[in-house]
Trainee: 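The following block contains the structure, expressed as structure tokens.
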Amino acid sequence: MRRRPAEYRRPVRRRLSQWIWALIGMFLIAGLVLFVFIHNHHEDQVNQPIMGEHAIKHGGFNFTKEILNASSFSRQLAEQMTLAKAYVIIAKEHNNLHLAWELSKKIRSCQLLLSKAAMRGEPITVEEAEPIISSLSYLIFKAQDAHYDIATTMMTMKSHIQALEERTNAATVQSTLFGQLVAEVLPKSLHCLKVKLINDWLKQLPLQNHAEEKRNSPRVVDNNLYHFCIFSDNILATSVILHQDSRAYYFGADQDMKVEPKLRSPEYLSLLNHLRFYIPEIYPLLEKIVFLDDDVVVQKDLTRLFSLDLHGNVNGAVETCLETFHRYYKYINFSNPIISSKFDPQACGWAFGMNIFDLIAWRKENVTAQYHYWQEQNADQTLWKLGTLPPALLAFYGLTEPLDRRWHVLGLGYDMNIDDRLIDSAAVIHFNGNMKPWLKLAISRYKPLWERYVNQSHPYYQDCVIS
């Protein structure tokens, strides 16, 4: 009975000693591998700049790649310089001008070193970078000790970013206004043309009599004819639109028409732009009419518009919501409950400038009264700023029939990348935007589409435009 435990214990001792030796061997091997790895890693770190120099000598130095390299001294200097610039702003705001001056001095040293590295085509060495990195680090820590902590820095920089964004937005608005002014200012040549025509008008009584006969002609109220209307004081532009044989008449504003005095303000651009909302009153006996802006060119027959079925709608127009920025919410302030309760912000916008109007439906829906209502609601300009399209979108809401896109192609006054095939297929091309074809800032690619209809042989044109 006693020999079995003795025999049992002996194998256990032998197995234990074998496990101990195995573990010791594993530790030795792991230690050796770890030593080799650390040694090689240390050599890689030491030799890395040397290998980089060899690569630069053979492959050329790229400063952009160098400054983007996370392990390069150029990258470290650039990042420290950015942080230091932030602390310069904060130090100045806290009236710590001495610290701001010290930081600025080191920033200039950093910029100089980066410039030298870019000029000589070699990376910054540790001997060059270490003094500046150390001194900048000291000043940054000094700024942090002066309570310019990261939270303060972030808040300050956020406020500066917001200020810059506001300045950028203001500059964009100003640029847009300047562009609009350039587009609206009458060029000297067009002013000359207008003066000559007015002079002839005043001198020649037969012309006045002829115009009066045309104004009172039965043809103006004959619904068996095709009627087009244009409201413009740009004689040259109007002559281009009317290069076809279509009948169109120019009417000025009715002196008895009751128009809100605020609409006479220059900030509403031009009263002529708003006459389009009074078409049923200007043509009280007509049933249908095609409206044209003065910055369009008619390329194809438009008489087929009069036979289109508008399905009871007032306005036939080409929709412009192929892109998201031509939906209602881009034109009108939907934060106002008056707007948000009545209109869909995702409703599709449409183009003013070539429209077929059913004047019978217009009078039935009382669209002009809707226009007056929304102008009154926008007395403080909180619903929209300027222009005739926003009130039109409101007045004609739910009353617009989409037309085929080929009837009216827009953007020739601002978009330089319109497909030529789309332009060729268009019945009407529209130079909407600031780059009008009669201005020097016109897009040269599209200008011939307008100029080919100008009668350049006319003596008035010769005297005013060429001289």
Side-chain angles (χ1 to χ4, degrees), residues 37-176:
F37 175 77
I38 293 173
H39 178 72
N40 290 340
H41 182 67
H42 176 71
E43 286 185 348
D44 289 341
Q45 287 183 325
V46 173
N47 293 331
Q48 187 176 359
I50 299 175
M51 292 171 66
E53 289 176 5
H54 286 304
I56 290 165
K57 288 179 181 178
H58 293 288
F61 179 74
N62 189 322
F63 184 74
T64 302
K65 290 183 179 180
E66 177 72 9
I67 206 167
L68 293 175
N69 183 2
S71 62
S72 70
F73 291 119
S74 299
R75 173 68 173 270
Q76 296 179 44
L77 287 168
E79 290 178 347
Q80 277 200 316
M81 185 171 61
T82 302
L83 186 57
K85 287 180 178 179
Y87 280 119
V88 168
I89 297 172
I90 297 173
K92 287 181 178 179
E93 288 184 349
H94 288 78
N95 205 29
N96 193 342
L97 301 181
H98 181 70
L99 178 59
W101 179 83
E102 287 183 312
L103 286 166
S104 298
K105 182 179 178 181
K106 291 302 178 184
I107 289 171
R108 286 192 293 270
S109 300
C110 186
Q111 291 171 335
L112 181 61
L113 181 55
L114 289 171
S115 299
K116 286 182 178 179
M119 291 293 292
R120 73 192 182 197
E122 295 180 358
I124 297 173
T125 64
V126 62
E127 291 81 9
E128 294 173 318
E130 186 176 4
I132 298 178
I133 291 175
S134 299
S135 57
L136 267 177
S137 298
Y138 168 75
L139 290 173
I140 290 170
F141 285 129
K142 186 177 178 181
Q144 291 176 348
D145 289 338
H147 305 293
Y148 308 144
D149 56 9
I150 297 299
T152 303
T153 304
M154 291 178 65
M155 291 299 296
T156 304
M157 296 312 297
K158 183 179 179 180
S159 65
H160 280 283
I161 290 171
Q162 290 176 344
L164 287 173
E165 288 178 348
E166 290 175 1
R167 289 172 62 184
T168 302
N169 292 335
T172 302
V173 171
Q174 191 176 41
S175 176
T176 303

Trainee: Could you give the distance from OH (Tyr87) to CG (Leu99), rounded to the nearest 0.5 Å?
Mentor: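 It is 10.0 Å, given to the nearest 0.5 Å.
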Trainee: As an exercise, state the distance from CG of Leu113 to OG of Ser74, rounded to the nearest 0.5 Å.
Mentor: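 If I round to the nearest 0.5 Å, the distance is 7.5 Å.
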Trainee: With a 4.5 Å cut-off on side-chain heavy atoms, are Phe73 and Thr125 touching?
Mentor: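 Sidechains of Phe73 and Thr125: no contact.
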Trainee: Apply salt bridge (Lys or Arg N to Asp or Glu O under 4.0 Å) to Glu130 and list each qualifying residue two or more places apart in sequence or on a separate chain.
Mentor: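 By the salt bridge (Lys or Arg N to Asp or Glu O under 4.0 Å) rule, Glu130 matches no residue at all.
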Trainee: Looking only at non-hydrogen atoms, find the nearest pair between Glu128 and Pro123 and report the distance.
Mentor: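 For Glu128 versus Pro123, the nearest heavy atoms are OE1-O, 4.4 Å.
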Trainee: For the CG atom of Leu112 and the CD1 atom of Ile132, what is their distance to the nearest 0.5 Å?
Mentor: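 One finds 8.0 Å between CG of Leu112 and CD1 of Ile132.
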Trainee: Working to the nearest 0.5 Å, report the span between CD of Gln76 and CG of Leu136.
Mentor: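 If I round to the nearest 0.5 Å, the distance is 11.5 Å.
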Trainee: Enumerate the salt bridge (Lys or Arg N to Asp or Glu O under 4.0 Å) contacts for residues 98-108, please, sequence neighbours excluded, ordered by first and then second residue.
Mentor: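 The answer is Glu102-Lys142.
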Trainee: Please enumerate all residues that pass side-chain hydrogen bond (donor to acceptor under 3.5 Å, both in side chains) together with Ser137, with sequence neighbours excluded.
Mentor: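 Only Gln80 meet the side-chain hydrogen bond (donor to acceptor under 3.5 Å, both in side chains) criterion with Ser137.
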Trainee: Look up atom OG in Ser135 and atom CD1 in Ile140, then write down how far apart they are to the nearest 0.5 Å.
Mentor: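 CD1 of Ile140 is found 9.5 Å from OG of Ser135.
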Trainee: Just how far is it from atom CG of Leu77 to atom OG of Ser109, taken to the nearest 0.5 Å?
Mentor: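 Those atoms lie 10.5 Å apart.
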Trainee: Can you see which heavy atom on Ala117 is nearest to which on Ile124, and at what distance?
Mentor: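 For Ala117 and Ile124, the tightest heavy-atom pair comes out as CB-CG1, 3.6 Å.
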